[in-house]
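Step one of this worksheet: look at the structure below.
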Protein chains: 2
Amino acid sequence: MVSIRDVSAAAGVSVATVSRALTMPDRVAKATRDRVLKVTEELGYHPNLVARSLRSQQSRLIVVLVTNIANPMLSRCIRGIEKLARELGYSVLLGDTQNDNLIEASYIRLLAARQVDGVILLSSRLHGRVTDLILKANPQAAVVNACACLDVTPCSTVGIDDVGSARVMTEHLLSLGHRRIAVLTGPEESPHSRDRMFGYRLQLRAAGVQFDESLVVSGEFTMKSGADAVDRVLAIPTRPTALFCFNDEMAIGAIQRLTALGHSVPGDISVAGFDDIEFAAFTSPALTTIHQPTADMGTTAMNLLHRRLSGEMQVETVTLPTELMIRQTTAPPRAEP
Amino acid sequence: MVSIRDVSAAAGVSVATVSRALTMPDRVAKATRDRVLKVTEELGYHPNLVARSLRSQQSRLIVVLVTNIANPMLSRCIRGIEKLARELGYSVLLGDTQNDNLIEASYIRLLAARQVDGVILLSSRLHGRVTDLILKANPQAAVVNACACLDVTPCSTVGIDDVGSARVMTEHLLSLGHRRIAVLTGPEESPHSRDRMFGYRLQLRAAGVQFDESLVVSGEFTMKSGADAVDRVLAIPTRPTALFCFNDEMAIGAIQRLTALGHSVPGDISVAGFDDIEFAAFTSPALTTIHQPTADMGTTAMNLLHRRLSGEMQVETVTLPTELMIRQTTAPPRAEP
DNA sequence: CTGAAAGCGCTTACAG
DNA sequence: CTGAAAGCGCTTACAG
């Protein structure tokens, strides 16, 4: 590997000058700078980032902590992060925590060991306090939460309006004429699930429809849990005419099971999802859902992180717009006999 | 941050001894070692990996180069890689190349700049030569190909038997009584598509069924291309009774479009996929496909890389078994009228 | 504007 | 078995 020494020798200047020519060009005479740059080019010199990190105490390395990189929402979000990170000169270290506290802790240790500049959190649990843990161990680290900021320590956050979006979907179903709208929630510790539930209730009330506890069925945000929930939904005394699933995976599972049992969607029951993952547009029939700007969330998160790393000390919160995607799984309820 | 100096001071030994106690414990007297470890524990010392990298010329950092991290197969594979990498003490840097040569090149530069130890390739193009490029720029790097090794330079490889697996699926369709089996291929530059095509033709021949060029329709491995292909499939003169899609996404797209056009799957036409992504089991009806051990591929790739980084100089090739998953989208063809 | 020197936090021959 | 010293490749006050 060609090092800064080789460049300094070839250009006939000190290594300090080479370093300056490359990192603060305006503090070097034009003639010198040009010579250094020319030699740099000729020798194919690229600064050793490891050495630079050690000396400058910043690595241009960020960690993305995610509960499951195989989740379509999260992987798209990471794609957005990676793209902007690369453009801004950062590298992204992947940390798939599997929602495991030990793995999380091991990554928190890594932050210091690798002199990581910042962290983007893509995991949201109601009682996680990851941000707090990170900042306790790494007071200098910048943290951006791309899910929901639930810790004591404030940090920059990007997300959507879960409450409002759930209201929009609920209103869509109400406007079709549905009154008995079942919901399939996510796990209890999910802030998204909690907020969507809140939006659902809010909109029911706004429409003067009484909330009915028996219409609430709980799932795990997985396709299997969506399929499994169908039996419980169908067993609800006065059968609901619509099912609002708090994510697309559960909706997909539910549709499969409903169809397999001989129920027509949306003929017998309307089904709605949330997220608009890529597959949502390709179920049979195509799923009505709430679109989240997933890749945007990633780039926005990276943007917020970059700002903090550039000295911007203010904590910011960005809420991105969602969109109701009306497709084929929702329709007016069948007329009463 | 507490450094090796602090430990050496507190333990009353030289930094050299601290370093040895931690990295080659058997070259240090037991008493000394114990004292060092105790102090290390007490002070909460963790070695600075950046300094270690700079000095030892190895970073325990690997790069995963992937065409699209939002692809379900690839993200699951990465999950497998990350898990084992973490357990072995490596960190994984994510490189989403979007199949773009410039991005690829920027990551190849990064390899040297960050003193990356090795690379796992999760992108396969017939004429890519990424391996060659990497090794030209980083002769010391270890490369593992988790798709198909297509470059001049040999490298450790993990994959499945695409040809054999396609034969198995073709045989499944033949055994159901299908004779006119259309195929929906991937893009031309995909080695997987090429091999699956080969397997299909091989098995037709083995069964004494004449290959018919008009049954070949080409797609892009996307759901949309699967949906779009349906019109071309339906326009084939003597209409095929089965459609073998070379990945699940295209099968999902095809099923949606077929259903939307009023064709029953598998009543009017059988549809088969390849890969067994998570969604394959939850289409309506559930997709018959070839299961790939995706996460295994990831851990195996990491294993091969680790072996090479541990001095094992031999290039190895591992072929993982696949499995035919018979679900609901394939059935005997409708009896001739 | 430029250079000599110190130092980031480790590891590793080299002595003893 | 242990320590003093050199050095990995940079950056950055400090002088001039």
Side-chain angles (χ1 to χ4, degrees), chain A residues 1-37 39-40 43-61 89 109-117 138 140, chain B residues 1-37 39-40 43-61 89 109-117 138 140:
Chain A
M1 279 290 28
V2 21
S3 82
I4 197 171
R5 260 223 141 60
D6 304 315
V7 178
S8 99
V13 295
S14 72
V15 294
T17 299
V18 175
S19 175
R20 278 192 216 99
L22 295 174
T23 58
M24 12 187 186
D26 38 312
R27 282 190 200 156
V28 165
K30 181 163 178 5
T32 317
R33 191 201 318 149
D34 288 350
R35 190 145 34 94
V36 170
L37 294 181
V39 172
T40 295
L43 298 184
Y45 168 68
H46 295 288
N48 181 323
L49 299 185
V50 177
R52 183 180 280 178
S53 299
L54 181 60
R55 179 58 233 247
S56 66
Q57 305 283 35
Q58 56 160 328
S59 58
R60 295 237 132 201
L61 211 56
R109 274 197 304 279
L110 199 69
L111 260 33
R114 290 214 188 264
Q115 301 196 174
V116 170
D117 292 342
N138 310 72
Q140 84 302 338
Chain B
M1 277 291 28
V2 21
S3 82
I4 197 170
R5 260 223 142 60
D6 304 313
V7 178
S8 99
V13 295
S14 71
V15 295
T17 300
V18 175
S19 175
R20 278 191 215 99
L22 296 173
T23 58
M24 12 187 186
D26 38 312
R27 284 194 198 152
V28 166
K30 182 163 179 3
T32 317
R33 190 200 319 150
D34 289 349
R35 189 145 33 93
V36 169
L37 293 181
V39 172
T40 296
L43 298 185
Y45 168 67
H46 295 287
N48 181 322
L49 298 185
V50 177
R52 183 180 278 178
S53 298
L54 181 60
R55 179 59 234 245
S56 66
Q57 304 283 36
Q58 54 161 330
S59 58
R60 295 236 133 200
L61 211 55
R109 275 196 304 278
L110 199 68
L111 261 33
R114 291 216 187 262
Q115 302 197 172
V116 170
D117 292 343
N138 310 71
Q140 84 301 338

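Just so you know, these numbers use all the heavy atoms, side chains as well, and skip hydrogens, waters and symmetry mates. Proteins get letters first, then strands, A, B, ... in listed order; numbering begins at 1 in each.
Nucleic acid contact for A:A29: sugar-phosphate only, since backbone atoms but no base atoms lie under 4.0 Å from a heavy atom of the residue. Among the heavy atoms of the strands, none lies under 4.0 Å from A:V50.
Interface remark: the A:R20 side chain does form a donor-acceptor pair with the C:dG3 base, using a distance-only criterion of under 3.5 Å.
Checking D:dT2, C:dT11, C:dC8 against the side-chain heavy atoms of A:Q57 singles out C:dC8 as nearest. For B:R52, taking side-chain heavy atoms from C-beta onward, the closest of the listed nucleotides D:dT11, C:dC10, C:dG3 is C:dC10. The nucleotide whose nearest atom lies closest to any side-chain atom of A:N48 is, among C:dT11, D:dC10, D:dG3, D:dC10. Proximity note for B:S3 (side chain, C-beta onward) versus D:dG9, C:dC10, D:dT2: the nearest is C:dC10.
In this structure the side chain of A:L49 reaches within 4.5 angstrom of the side chain of B:L110, judged on heavy atoms.
Rounded to a whole Å, the CD atom of A:Q58 is 15 Å from the P atom of C:dG9. Distance CZ (B:R60) to P (C:dC10): 17 Å, rounded to an integer number of Å. B:R55 places its CZ atom 14 Å from the C1' atom of C:dC8, with the value rounded to the nearest Å. As a whole-Å value, the separation of A:L49 CG from D:dC10 P is 9 Å. Rounded to an integer number of Å, the gap from A:R114 CZ to C:dC10 C1' is 14 Å. Between the CZ atom of A:R33 and the C1' atom of C:dC1 there is a distance of 11 Å, rounded to whole Å.
Annotation for B:Q115 and A:V50: closest pair CG-CG2, 3.9 Å, computed over non-hydrogen atoms.
Between A:S19 and D:dC10 there is no side-chain polar atom (N or O) within less than 4.0 angstrom of OP1 or OP2. Residue A:S14 places no side-chain N or O under 4.0 Å from the OP1 or OP2 atom of C:dT2.
If you take NZ on B:K30 and CG on B:L37, they are separated by 9.0 Å, rounding to the nearest 0.5 Å.
Between A:V28 and A:S56, the residue anchored closer to the 5' end of DNA chain C is A:V28, taking for each the nucleotide with the nearest heavy atom.
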